Protein chains: 2
Amino acid sequence: MNQVAEQDPLLETDFIKEMVKQMRAIDSYGTYDGWPADRILAPYVVTKEQRRAIPVIGDPDEIMLSRIKAFYNAISSLIEKECGLMAVPSVNITHEGFGRALITVGKLVVMDRTLRDVHRYGYESLSKMKDEGDKLLSVALEIIGKYPEVAGL
Amino acid sequence: MNQVAEQDPLLETDFIKEMVKQMRAIDSYGTYDGWPADRILAPYVVTKEQRRAIPVIGDPDEIMLSRIKAFYNAISSLIEKECGLMAVPSVNITHEGFGRALITVGKLVVMDRTLRDVHRYGYESLSKMKDEGDKLLSVALEIIGKYPEVAGL
């Protein structure tokens with residue numbers, strides 16, 4: 001009912017646009033058609049209280065895993081746009097909810113993170129999520145700038 | 001009944017010894033206790049005829065996946081022994097039996113392979129398997145030698 005409300009400038013950033021694109025890509029049944037960006041990305045927002053309430057036992061579900069992958073796909077895609085070289089994400093999560101997310105460009109590892117308690121994966125707000133994405137992106141671009149030869153292999 | 005038979009020199013190589021160690025590491029129930037190396041590694045030998053007979057439908061089973069991981073763990077361990085830096089394997093296989101195996105040393109990707117039809121994973125002989133391992137090892141060490149700074153990050 002608030003459709004004429006002013007658009008949040010956050011939703012117009014490259015990062016959020018790319019995230020929405022990645023989420024739509026995995027939305028095989030078109031559930032998100034016509035949904036606004038903040039509704040599509042809502043599952044990424046998990047407050048501290050919500051986080052505490054999520055049990056970390058059992059296998060993390062497939063939807064959660066695809067959400068985590070969408071995040072690293074978005075980062076890879078943004079790296080690619082910036083440096084013009086292919087960035088390949090690789091997310092490995094064990095049944096217990098631990099894992100590793102890697103992004104490689106050529107022979108260079110431009111991002112390498114250990115994942116813990118993925119059951120509770122999420123960010124306090126979309127803005128915090130974007131900060132995280134921007135940080136990973138800038139670190140990745142910095143290392144590519146430092147070792148362009150390895151990234152070009 | 002042939003226990004006095006001459007030991008095959010292949011079974012004395014670092015690669016095969018490391019493979020046996022990796023296989024014993026995943027043998028939680030001690031099934032392999034007392035088994036000779038060639039018996040422990042027998043599942044890795046798949047002839048062309050056997051390979052053709054294996055269907056590539058359905059999910060590759062967990063035992064197969066752990067076998068593939070043991071192979072790349074062995075390569076990583078050998079890389080580590082040679083260069084003194086930690087080598088971290090990362091094997092990602094989708095439900096359809098396709099995937100990617102990576103080994104990183106520092107920020108350097110020292111091995112990157114696309115895996116196909118993992119249902120049919122295996123080698124024509126242990127000697128062929130060792131050749132494959134040696135090849136991966138030498139390529140990895142070559143790239144580490146070329147970019148020691150990135151490998152040391």
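Keep in mind that this is a model prediction, so the values were computed, not measured. Here is how names work: the chains are called A, B, and so on, in the same order as the sequence lines, proteins then strands, and each is numbered from 1.
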Sorted by number, residues from residues 104-120 of chain B in contact with chain A (heavy atoms, under 4.5 Å):
B:Thr104, B:Gly106, B:Lys107, B:Leu108, B:Val109, B:Asp112

Inspect the surroundings of CG in A:Asn92 and state if more than 12 heavy atoms from other residues, nucleotides or ligands are less than 6.0 Å away.
yes

Do A:Val88 and A:Ile144 belong together in a cluster built from hydrophobic side chains that touch within less than 4.5 Å?
no

For B:Arg100 and A:Ser90, which heavy atoms make the closest approach, and how far apart are they?
NH1-CB, 3.8 Å

With a sphere of 6.0 Å drawn around CG of A:Asp134, does it hold more than 12 non-hydrogen atoms of other residues, nucleotides or ligands?
yes

Is B:Ile26 reachable from B:Ile16 through a run of hydrophobic residues whose side-chain heavy atoms are each under 4.5 Å from the next?
yes

Would you mind checking which part of B:Leu102 comes under 4.5 Å of any heavy atom in chain A, side chain (CB onward), backbone (N, CA, C, O), both or neither?
side chain

What parts of residues 68-84 of chain A touch chain B if we use heavy atoms and a cut-off under 4.5 Å?
none

If Ile, Leu, Val, Met, Phe, Trp and Tyr residues are connected whenever their side-chain heavy atoms lie under 4.5 Å apart, and connections chain through other members, are B:Tyr123 and B:Val46 in the same group?
no

